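Quantities reported herein were computed from a predicted structural model and do not represent experimental measurements.
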Amino acid sequence: MIKAKILVVDNDKDMCWLIASILREEGYSVDNAYDGESALLKINQHHYEILVLDYKLSGLSGLSILEKARQINPSNETIMISAFGNESVRAKAKELGAYAFLDKPFNIDRLKKIVKKALT
């Protein structure tokens, strides 16, 4: 049984693949996007319960995607990830409705727990 549909957005294809693989092992249905424009196309075409969204993307920033995704589907939860997160980025993400913010590199078990909690 598939638990939820998740979109992983990261311009680092290896990181995107790794996160998606781990979430698939947990039973989730996972799609990938490698830039902001592709992410928005997928968000417009599919209903995702969770977005795992990198802050630094080519094209649109993760914060822009977060804002637009919340307009498209206010019920989805977004977990922001970044190697470049500072307090102002974290504050802006929270203001825009991010559920959580993880600094790269992050603990995989922590990501799994946050995803599970966000779905409850």
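- Salt bridge annotation for K104-D10: present, with a cationic side-chain nitrogen under 4.0 angstrom from a carboxylate oxygen.
- Residue I19 is tested with D12, V52, V30, D54 for a side-chain contact (heavy atoms from CB on, under 4.5 Å); the sole match is V52.
- A donor and an acceptor atom, one from each side chain of H46 and D31, are nowhere located under 3.5 Å apart.
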| request: Assess whether side chain to side chain contact (heavy atoms under 4.5 Å, CB included) is satisfied between N44 and I72, documenting all intermediate values. | output: CA-CA 7 Å; N44 274 306; I72 295 165; 3.4 Å; yes
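- Judged by distance alone, the side chain of R70 and the main-chain N or O of E77 form no donor-acceptor pair under 3.5 Å.
- To the nearest 0.5 angstrom, Y99 atom OH is 12.0 Å from T78 atom OG1.
- Under the 4.5 Å side-chain heavy-atom criterion for Ile, Leu, Val, Met, Phe, Trp and Tyr, Y34 and L63 are members of distinct hydrophobic clusters.
- Across all their heavy atoms, L60 and E37 have their closest contact at N-OE2, 3.7 Å.
- Residues A69 and I43 share a closest heavy-atom pair of CB-CD1, 3.9 Å.
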Considering only distance and modelled atom types, tabulate donor-acceptor pairs under 3.5 Å from the side chains of residues 112-120, sequence neighbours left out.
residue : atom : partner : partner atom : Å
K112    : NZ   : E26     : OE2          : 3.4
T120    : OG1  : K117    : O            : 2.7

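- The side-chain heavy atoms of K68 and L40, taken from C-beta on, include a pair separated by under 4.5 Å.
- Contact check for N76 versus E49: no side-chain heavy atoms found under the 4.5 Å cut-off.
- Within the 4.5 Å cutoff, the side chain of I22 has no heavy atoms near those of the L111 side chain.
- Cluster annotation: I108 and I50 are assigned to the same hydrophobic cluster (Ile/Leu/Val/Met/Phe/Trp/Tyr, side-chain heavy-atom contacts under 4.5 Å, transitive).
- Closest heavy-atom contact between A33 and C16: O-SG, 3.8 Å.
- Nearest heavy-atom pair across L66 and A93 is CD2-O, 3.5 Å.
- Between L57 and V9 the shortest side-chain heavy-atom distance falls below 4.5 Å.
- The side-chain heavy atoms of I81 and L53, taken from C-beta on, include no pair separated by under 4.5 Å.
- Contact of the S29 side chain with the K3 side chain is not registered, since no non-hydrogen atoms from C-beta on lie closer than 4.5 Å.
- Counting heavy atoms of neighbouring residues, nucleotides and ligands inside a 6.0 Å radius, atom CZ of R24 exceeds 12 of them.
- Nearest approach of Y48 to I6, heavy atoms of both residues: CD2-C, 3.5 Å.
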Side-chain donor-acceptor distances from residues 83-91 under 3.5 Å, at least two apart:
residue : atom : partner : partner atom : Å
N86     : OD1  : S88     : N            : 3.1
N86     : OD1  : S88     : OG           : 2.8
N86     : OD1  : V89     : N            : 2.9
R90     : NH2  : D103    : OD1          : 3.1
R90     : NH2  : D103    : OD2          : 2.3

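- Looking at heavy atoms from C-beta onward, L51 lies out of side-chain contact with V8 at the 4.5 angstrom threshold.
- Taking OG of S82 as the reference point, atom NZ of K56 lies at 7.5 Å (rounded to 0.5 Å).
- To the nearest 0.5 Å, the span separating CG on N11 from OG on S38 amounts to 11.5 Å.
- Nearest heavy atom pair, residue S58 against residue D35, reads OG-CB, 3.5 Å.
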